[in-house]
Number of protein chains: 2
Amino acid sequence: MEFGHIRRSEHLPARIAAQIARDITEGRMRPGEKLPTEHFLAKALGVSRSVVREAIAQLRNEGLVETRQGVGAFVTEPHARPIRIEQDDLADHQSFRDLFQLRVPLEIEAAGLAALHHTADDLQRIDETLAGMSGAEKWTAEGIVADLAFHRAVAAATGNEYFSVFIGFIAERISLAINAARAAAVLEEIVEVTIEEHVALRDAIASRDPKRAREAMKTHLLGAAKRLDLTLEAY
Amino acid sequence: MEFGHIRRSEHLPARIAAQIARDITEGRMRPGEKLPTEHFLAKALGVSRSVVREAIAQLRNEGLVETRQGVGAFVTEPHARPIRIEQDDLADHQSFRDLFQLRVPLEIEAAGLAALHHTADDLQRIDETLAGMSGAEKWTAEGIVADLAFHRAVAAATGNEYFSVFIGFIAERISLAINAARAAAVLEEIVEVTIEEHVALRDAIASRDPKRAREAMKTHLLGAAKRLDLTLEAY
DNA sequence: CATATAAGGTTATCAGACAACCTTACAATG
DNA sequence: CATTGTAAGGTTGTCTGATAACCTTATATG
C-alpha cells in the first residue's frame, strides 16, 4: 500500500479522507480489510494523529469504514453511501444544463402521478402557491421562490415521498442558480409566462387527466429551458 | 442556550453531534447563528476539545454547520445542505415501491439519452456488464450486482453526470433491498428474463434509436416491477 | 481441556501548546 | 478625509504526548 505525502493546502483531513475513500471505492482496499493504524498513517502521511483521526471519523460518517476500539478500522461491506450534491457543482453552464435535463422526466412523471393521486389538500396547496405567485408585483427573487413552491406542491401531490425529496432538491438548486445568474428584467418576463403554464398544469391535475398533466409539465419545462437558453433533446 | 452534560456512554462525539443537530433541525439554532467556541462547548459539556471537534466535524460533513478558521462554526442555510438518503428509509414495502417508481422515468430518459450520446467506450462498458451477467451460473447476489452494473453503464452513457449519480444511487438501493429480501430461486428466474431485456436495450442503444431504447427500458423496468410484485401506474 | 491471567497493541479521550487565520481597532500616511 | 499599515485578541487548525478503555493473543494454571 502506497501512502504518498499530502500536499499542504486546505483541509488536510478532508484530503486524506478523500484519498482513502478513493482507495476503497476504486478497489485498492477491499471490504473487511484493515486500515493501517492511526499511528502508522500519521507517520506515513507526515501529519499528526489528530488529522488522521478526523479523516477516519469522516469515513466512518460516510459509512465506508467501521472502527472498533482496541482493534482497528475496517473497510465496510459495499453498503450504499448517501447521495450528496453540493451547490458548487452547479457553477458552470454544463452542470446546470445537465441537472435541468435530469429534472424534466422526473417532473413530467410527477405531474402525471399528481393528476392520479392528488387529494383535496394537495390541490389546495397547489392553488395557494399559484396565488402567491400572482399576488404581488415583486417579481425577481419572490417569483423564483413561488415557482419553486409550486413545483414542490405538485411533487407532494404525487403521494410519493421520493418525488418530493428529489424534485424539491433539484428544483431548489436550479432556482438558486437562476436567481444568482439572471437579471431582474429577464426574470420578470420569465415569471409572466410561467404563471399561465402553471395554471394550465394545475387544471390538468385538478381534472385528474394524467396525460394532459404530463404534456403541460413538458411544455412548461421545455419552455423554461428555452427561455434560459438551454438546448435540450426533445423526442 | 442550554448545554446539559452528556451521559457517559458510547461515542461521545456522535452523541454531542446528535444533540447539536437536534438543536438545529428543531429550530433552537437558526441558520447563520454562530455556535459557541469549541473551548466553551468542551467546558460546558464536560468533555475534551477533541471530542467537541470531532462532533463539529461530523456536523460539517452532514452540511449542518460551516466552520471558518479563526472565526467560528456557523449553522448553514438549509438550501446549502446536501441531499442525503439513508438505507434504513427503504425498510417497508411502500418506500421500496415509491423509490422504484421514481426510478422508472429516470431510467427511461437515460436510455433515450444513451442512445443519442453514447461513445464507443460507453458501449464497450455496457457490453462488458452483459458479459459479466451471463458469464457464470452464479445467480443470486452476483446477478444482482451485474444488473446494477448494467444500469450504471447505461446511465454513464448519457454523458450527463447527474443521471449517473442519481440512477446509480437509486438502483443501488433497490438492488440491496432486493438482495436482502428475495430467495435465490426467485432471483434465478428474474435474472434469466433480465438478460434478454438487457440485450434488447443494448441493441437499441447501439443503433442510436432513442425511441426504441426508451421502449426497451420501459418494458424492462415494468417487467421487473411485475416480477417483484409491484403495481405501478402505466399510461 | 477449560479457564484465568498477563502482555501488547489499538482506538478513544484528555490536556496543553503553538500555528494559521480572521476580525477589529487604531495609528500612520497620502 | 480616505486609505493603508499594524498590532491585539479571539477562534479554528494542527501538533505532541500521555492516559484510559478495549480487544486479541499467548501463557500459565487447575
Side-chain angles (χ1 to χ4, degrees), chain A residues 1 3-21 23-24 29 31-76, chain B residues 1 3-21 23-24 29 31-77 80:
Chain A
M1 192 75 51
F3 290 98
H5 272 246
I6 299 292
R7 223 180 313 284
R8 281 183 199 292
S9 176
E10 48 177 338
H11 269 328
L12 258 59
R15 296 175 69 89
I16 294 177
Q19 177 183 326
I20 299 178
D23 288 339
I24 294 174
M29 280 187 151
E33 191 173 336
K34 180 178 175 303
L35 268 63
T37 69
E38 296 174 351
H39 222 87
F40 177 87
L41 279 174
K43 286 279 186 210
L45 298 171
V47 298
S48 79
R49 206 184 137 214
S50 315
V51 172
V52 172
R53 275 192 62 74
E54 192 167 322
I56 291 180
Q58 180 174 337
L59 294 174
R60 194 179 43 219
N61 291 334
E62 292 171 2
L64 273 85
V65 307
E66 256 180 2
T67 59
R68 281 187 292 162
Q69 184 174 176
V71 185
F74 301 84
V75 179
T76 55
Chain B
M1 193 72 52
F3 289 99
H5 270 246
I6 298 293
R7 224 182 314 284
R8 282 181 199 293
S9 177
E10 48 177 336
H11 263 329
L12 259 57
R15 298 176 68 89
I16 294 177
Q19 176 183 326
I20 299 179
D23 286 341
I24 293 174
M29 279 187 153
E33 190 173 337
K34 181 178 174 302
L35 269 65
T37 69
E38 296 174 351
H39 222 89
F40 177 88
L41 279 174
K43 286 279 186 211
L45 297 171
V47 298
S48 79
R49 202 183 140 211
S50 316
V51 172
V52 173
R53 275 191 62 74
E54 192 168 322
I56 290 180
Q58 180 173 338
L59 295 173
R60 194 178 43 219
N61 290 334
E62 292 170 1
L64 270 75
V65 307
E66 256 179 2
T67 59
R68 282 187 292 163
Q69 184 174 173
V71 184
F74 301 83
V75 179
T76 57
E77 300 293 327

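None of the values given here were measured: they were computed from a predicted structure. Here is how names work: the chains are called A, B, and so on, in the same order as the sequence lines, proteins then strands, and each is numbered from 1.
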Side-chain donor-acceptor pair present, B:Glu62, B:Gln58, cut-off under 3.5 Å: yes

Reported OG1-to-CZ distance for the pair A:Thr37 and A:Arg49, which is rounded to 0.5 angstrom: 8.5 Å

Shortest side-chain distance from A:Leu12, nucleotide among D:dT14, C:dT11, C:dC14: D:dT14

Separation of atom CD in A:Glu66 from atom P in D:dC23, rounded to whole Å: 14 Å

Among C:dT10, C:dA12, D:dG13, the nucleotide that comes nearest once only the side chain of A:Thr37 is considered: C:dT10

Separation of atom CZ in A:Arg49 from atom P in C:dC14, rounded to whole Å: 13 Å

Length of the NE2-P vector between A:His39 and D:dC15, whole Å: 13 Å

Integer-rounded Å distance: D:dT14 P and B:Glu54 CD: 14 Å

Interatomic distance, A:Gln69 CD vs D:dT24 P [rounded to whole Å]: 12 Å

Rounded interatomic separation in angstrom, taking CD1 from B:Ile56 and C1' from D:dT11: 11 Å

Spacing of CD belonging to A:Glu33 relative to CG belonging to A:Leu35, to within rounding of 0.5 Å: 7.5 Å

Heavy-atom side-chain contact between A:Leu64 and A:Val75 under 4.5 Å: no

B:Glu38 side chain, from C-beta outward: closest of D:dG13, D:dC15, C:dA12: D:dG13

Out of C:dT13, D:dT12, D:dT14, whichever nucleotide has its closest atom nearest the side chain of B:Val51: C:dT13

Of the listed nucleotides D:dT24, C:dA12, C:dT13, the one nearest the side chain of A:Val71: D:dT24

Rounded distance in Å - CZ (A:Arg53) to P (D:dT16): 16 Å

Intermediate values then yes/no, side-chain contact (heavy atoms from CB on, under 4.5 Å), A:Glu54 and A:Leu12: CA-CA 9 Å; A:Glu54 192 167 322; A:Leu12 258 59; over 6 Å; no

Under-3.5 Å donor-acceptor pair between B:Arg68 side chain and D:dG13 base: no

Gap between atoms CZ and P, on A:Arg15 and D:dG13 respectively (whole Å): 16 Å

Side-chain N or O of A:Thr67 closer than 4.0 Å to phosphate OP1/OP2 of C:dT10: no

